[in-house]
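To start, the structure itself, in structure tokens.
Note that the coordinates shown come from a computational prediction; the quantities given were computed from them, not determined experimentally.
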2 protein chains.
Amino acid sequence: MNPPPSPPPSSPSSPPERCRDCRWRQPGLFLPADAEDLATVQAFRGGTEKLRAGRTLVAEGRLPIKLYTVYDGWAFRYKSLADGRRQILNFLLPGDFIGLQGEFADEATHGVEALTDLQLCVFPRGDLWPLFQRKPEFAYDVTWLAAKQEQLLDENLVTLGQRNAAERVAMLLVVLWRRADRLGLGDGHGGVEFPLTQQHIADALGLSLVHTNKTLRKLERLGLHRVADGRLYLLQPAALARIADFVARPIRPQPLI
Amino acid sequence: MNPPPSPPPSSPSSPPERCRDCRWRQPGLFLPADAEDLATVQAFRGGTEKLRAGRTLVAEGRLPIKLYTVYDGWAFRYKSLADGRRQILNFLLPGDFIGLQGEFADEATHGVEALTDLQLCVFPRGDLWPLFQRKPEFAYDVTWLAAKQEQLLDENLVTLGQRNAAERVAMLLVVLWRRADRLGLGDGHGGVEFPLTQQHIADALGLSLVHTNKTLRKLERLGLHRVADGRLYLLQPAALARIADFVARPIRPQPLI
DNA sequence: CGACCCTTTGAGGGCCGTCAAAGGGGGTGG
DNA sequence: CCACCCCCTTTGACGGCCCTCAAAGGGTCG
């Protein structure tokens, strides 16, 4: 099966003026928000920002003064060692909240870099605590997001600690495909947007670039998946899930801030 | 080295009746709590529980109905794969909060097992949301703890993804020693309580038992550390930190719930 | 056209996993 | 008190997974 001709590379869309017009405020994707919730988020939002692919949004060691929600595009969190080794902690997709840890540390313990051109909603850090005081539902949502992030990290920890190369790659492909597809980043033909280079995959999985390539090619030759034109196609999702020992949990809609 | 707040108990001590008498409510260890904070936590606490070493506090896949704070003893969080491989996600020491993720998932995505005999403060899950509504400081503290946990997981992810066996072991020794020493679990002579078996270390670091042993022995023969009688001694902390590329951050007191 | 990035493949070696077995310590029962 | 067992630790041998080194090819952009 050949991938359909790729549509023109969509440049990321800007967040609308009003949060109620947010493209992600649709049934099923995120938790429903009533008018009051929307007003809260709208008032919290200090503005929007753009960032070019490859630029760093948050630098390691600096104290970030803003909070962000990814509106469009992909990014990733990472940490570096002194000699340059870099570990990608997880990938950030639209709807993901950035910067929580900064609230409770003296400096950013990780960096954030744009994988594609990025559109962001920006929130002033200083408004977080007042909002906690005025809106307990908001506080609850933030905690929810933090707990959810923690679950993702748990998964990644198991992957790095216990899975071999093929299992790691299969896991990453399945998980990212599901996350992207769920957001409607698919093309309707089994392919989803996939802006990672093999170096990103290697850094995320704790593998060398060379071995990452060989493992990807192996799975591809087995007909399990295909990567082409910045898109990922899962040709045999069940087989990939079996290799990765991936257990699909029902995805609960998250709060969107 | 911190002076022990109380003589190191060979058998875990029970939580006192009143939270204000809690052995961990001492300057420097955790964030100070005023009378109102204490009353809040006291009212939240539904009781106490004990658990024998080796028993599971939370089983993977079950929906836990309680929240806990470790009062005395060690525990660990873990996840398993279908074929039995197990990854220890992190270790839990006195003051650590257990069960947040359960609030936002349909089932526990990880298990919790007692490493030593365990003394716990228990909180009913159903009271969490009402507390968020009544006490924004409480909500803020919970979010703080969640963000802090996330930082620990980030560190572990870097360890598993980028560090080799010697670096991993050195990292674990340094980090656990600091956490235990800070709580006053030291003996005043450079040794801290250390209830892990080499199998636990292996499961936490994603190494085989055999290779974990060989790596530990190598560092021990270099005179960097010593493990004896359930105690860990760092003989050359700076050398271990250098091997692990561990950067000491000032430890901020956490909230205690 | 050249520079650069990303992908791909081969060759060789080392880190770490698996298999195997022995030794020590604590607990239990004879 | 000793025998026995079980768990944990320790060490050696061997093999394999994955890393490093090296190099070629394609695509994009200046």
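- Side-chain contact between B/Leu176 and B/Phe194 is present, with heavy atoms from C-beta onward closer than 4.5 Å.
- Taking 4.0 angstrom as the limit, B/Arg217 places a side-chain polar atom (N or O) nearer than this to OP1 or OP2 of D/dT11.
- Nearer the 5' end of DNA chain D, as judged by each residue's closest nucleotide, is the contact made by B/Thr197, out of B/Thr197 and B/Val210.
- Here the nucleotide nearest the side chain of B/Ser208, chosen from D/dC19, C/dG17, D/dT11, is C/dG17.
- The A/Leu207 side chain lies nearest to D/dC19 when the options are D/dC19, D/dT10, C/dT8.
- Ring centroid separation for the pair A/Phe76 and A/His200 comes in under the 6.0 Å cut-off.
- Atom CD of A/Glu167 and atom P of C/dG17 are 14 Å apart (whole Å).
- One interatomic measurement links the two molecules: CG of A/Leu209 to P of C/dC5, which rounds to 13 Å at whole-angstrom precision.
- As rounded to whole Å, 17 Å separates atom P of C/dA11 from atom NE2 of A/His211.
- Taking atom CZ of residue B/Arg163 and atom P of nucleotide D/dC18, one finds them 21 Å apart after rounding to whole Å.
- Remark: the B/Lys214 side chain and the D/dG12 base include a donor-acceptor N/O pair separated by less than 3.5 Å.
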Checking salt bridge (charged side-chain N to carboxylate O under 4.0 Å, His left out) for the pair A/Arg231/A/Asp187: CA distance, chi angles, key distance, verdict? CA-CA 9 Å; A/Arg231 282 208 160 66; A/Asp187 57 7; 3.5 Å; yes
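- Among residues at least two apart or in separate chains, salt bridge (Lys or Arg N to Asp or Glu O under 4.0 Å) pairs with a member in residues 80-100 of chain A are A/Asp83-A/Arg85, A/Arg85-B/Glu167, A/Arg86-A/Glu113, A/Arg86-A/Asp203, A/Asp96-A/Arg179.
- Rotation axes derived from the C1' atoms of the five outermost pairs at either end of the helix from C/dC1-D/dG30 to C/dG30-D/dC1 lie 30° apart, to the nearest 10°.
- Remark: of the listed residues A/Arg77, A/His110, A/Glu155, A/Arg77 is the sole one forming a side chain to side chain donor-acceptor pair (under 3.5 Å) with A/Asn90.
- Within the structure, a side-chain polar atom (N or O) of A/Gln198 is placed less than 4.0 Å from OP1 or OP2 of C/dT8.
- Computed from coordinates, the B/Asp229 CG to D/dT9 C1' distance equals 14 Å when rounded to whole Å.
- Defined by atom type and a distance below 3.5 Å, a donor-acceptor pair is missing between the side-chain atoms of A/Gln101 and B/Gln151.
- A/Gln119 and A/Ser13 are not linked by any side-chain donor-acceptor pair at a separation below 3.5 angstrom, with hydrogens and angles left out of the test.
- A sub-4.0 Å separation between OP1 or OP2 of C/dT8 and a side-chain N or O of A/Asn213 is present.
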